[in-house]
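Position 1 is the first residue of the sequence, and the numbers go up from there.
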Amino acid sequence: TQSFALSQGQRALYYQTKIDREGFAYNVGFAAHVEGKLELAALQGALRAILDRHPLLRARISVDGGGAPMQEIGPVPGHPLTVTDVGDLTDASLEELVLNAYRRPLDLAEGPALRAHLWQRTGSRATLLLVMPHVFIDGWSLWRLLGDELPYAYESCLADRAPFAGLPRPRPFQDHIAAQLALMTGAQGDRLWTAWKTSLAELPPPLDLPTDFNRPKRQRFEGAQEQLCLSAEIRMQLEDFARKSGVSLSAVLAAALATVL
């Protein structure tokens with residue numbers, strides 16, 4: 001079993017997750033509906049290949065003798081996919097099952113980090129859910145697994161080929177942690193630390209917005225969401241403005257929101 005320290009970003013997420021033990025705010029998951037005949041053996045094999053290719057997907061977090069969190073890489077499980085036959089379950093009931101599985105608190109001390117669930121319905125229909133703690137993955141990376149690597153590995157298993165054969169393995173995450181540590185403990189790290197302290201020395205005062213309820217002492221992640229769709233024309237104008245300003249589209253939108261507030 002491999003064991004190594006967490007990156008700085010992982011440490012922050014680890015302690016945030018420890019505070020919110022019973023919540024799901026730091027779960028990352030995607031679900032996909034599958035139509036047509038599904039070969040379970042091939043799907044299990046595809047998931048095993050992905051877990052073998054990306055060790056962090058089978059990680060868990062333990063605490064060493066000094067109290068520091070460490071991530072341990074476990075073996076590839078023989079059957080990483082949990083399969084449930086739900087027969088003629090209605091769409092609404094299935095959606096509730098999927099949401100409950102996604103919202104189940106994930107114990108960081110358990111492995112593997114990747115949890116895969118499949119609900120089979122009558123008529124060659126199924127729903128697949130992949131969920132992981134955010135401390136090990138982000139949404140974009142999990143989407144790449146579900147949308148790119150899993151179909152590729154599944155097709156390879158169907159054709160009795162070894163998935164990812166001949167392809168280079170991804171760079172070990174330990175290399176990223178080592179590079180981050182070298183940066184932070186060197187001269188460049190000192191310069192960055194000074195620059196950020198200077199930039200954050202005078203923060204704007206907290207917004208005193210009129211709200212229906214007082215802010216709780218402990219964050220509960222129960223806020224509602226309000227969605228706004230921008231037209232394609234406005235999006236193009238914003239992207240053009242961001243490009244000319246040398247910033248990202250997210251920075252432009254954040255500045256617009258700050259201006260409104």
Side-chain angles (χ1 to χ4, degrees), residues 1-31 44 46-82 98-118 128-146 149-150 153 164 169-185 189 192-193 196 217-222:
T1 300
Q2 289 181 294
S3 180
F4 49 92
L6 279 64
S7 69
Q8 292 299 313
Q10 283 183 306
R11 289 175 65 89
L13 283 170
Y14 169 75
Y15 290 116
Q16 288 280 5
T17 305
K18 295 288 283 184
I19 293 173
D20 187 40
R21 289 176 181 269
E22 302 302 320
F24 59 91
Y26 295 100
N27 291 4
V28 180
F30 284 107
Q44 293 276 18
L47 285 170
R48 284 196 299 270
I50 288 176
L51 285 161
D52 176 69
R53 180 172 172 82
H54 301 284
L56 213 58
L57 301 185
R58 53 183 198 271
R60 72 181 191 93
I61 295 181
S62 61
V63 178
D64 66 12
M70 303 288 290
Q71 46 196 341
E72 296 182 358
I73 307 299
V76 177
H79 296 85
L81 179 66
T82 300
V98 175
L99 283 174
N100 287 339
Y102 166 71
R103 291 171 175 170
R104 181 173 65 87
L106 300 177
D107 188 351
L108 299 181
E110 290 184 11
L114 177 65
R115 314 292 167 84
H117 307 259
L118 181 75
L128 175 67
L129 171 69
L130 301 182
V131 59
M132 282 187 66
H134 188 25
V135 69
F136 294 120
I137 202 167
D138 56 27
W140 181 85
S141 300
L142 186 58
W143 177 249
R144 287 290 305 273
L145 289 180
L146 181 62
E149 293 201 7
L150 185 57
F164 312 114
R169 296 184 71 88
R171 183 184 179 188
F173 192 65
Q174 298 94 308
D175 290 358
H176 163 71
I177 296 175
Q180 184 183 72
L181 181 61
L183 172 66
M184 295 182 62
T185 55
L192 291 173
W193 179 247
W196 278 111
K217 293 181 178 180
R218 181 174 175 178
Q219 191 173 9
R220 296 198 298 261
F221 303 98
E222 296 177 353

Nearest atoms (heavy-atom pairs only) where [X] meets [Y]:
X      : Y      : answer
Ile73  : Phe4   : CG1-CE2, 3.8 Å
Leu47  : Ala116 : CD1-CB, 3.9 Å
Pro105 : Glu22  : CG-O, 3.4 Å
Ala5   : Met70  : N-CE, 3.6 Å
Ala31  : Val98  : CB-CG1, 4.2 Å
Arg171 : Ala179 : NH2-CB, 4.4 Å

Heavy-atom check, side chain of [X] versus side chain of [Y], under 4.5 Å:
X      : Y      : answer
Leu150 : Leu145 : no
Arg115 : Met132 : no
Phe30  : Leu130 : no
Gln180 : Gln8   : yes
Tyr14  : Pro133 : no
Pro77  : Arg48  : no
Pro112 : Arg60  : no

Check whether [X] reaches the backbone of [Y] with its side chain - one donor and one acceptor, N or O, closer than 3.5 Å.
X     : Y      : answer
Gln44 : Leu81  : yes
Arg58 : Gly74  : yes
Asn27 : Arg104 : yes

Measure up the Tyr102 and Phe24 rings against each other and bin them: parallel (under 30°), tilted (30 to 60°), perpendicular (over 60°).
perpendicular
Taking atom [atom1] of [X] and atom [atom2] of [Y], what is their separation to the nearest 0.5 Å?
X      : Y      : atom1 : atom2 : result
His54  : Ile137 : NE2   : CD1   : 8.0 Å
Leu57  : Leu114 : CG    : CG    : 5.5 Å
His176 : Leu56  : NE2   : CG    : 10.5 Å
Leu118 : Leu128 : CG    : CG    : 6.0 Å

Stepwise side chain to side chain contact (heavy atoms under 4.5 Å, CB included) test for Leu192 and Leu183
CA-CA 9 Å; Leu192 291 173; Leu183 172 66; 4.3 Å; yes
Taking side chain to side chain contact (heavy atoms under 4.5 Å, CB included) as the criterion, tell me which of Leu142, Ile61, Leu13, Val28 meets it with Phe136.
Ile61
Cationic N near anionic O, under 4.0 Å, Arg169 to Asp52:
yes
Between [X] and [Y], do the side chains contain an N or O donor and an N or O acceptor separated by less than 3.5 Å?
X     : Y      : answer
Gln71 : Gln10  : yes
Glu72 : Ser3   : no
Gln16 : His134 : no

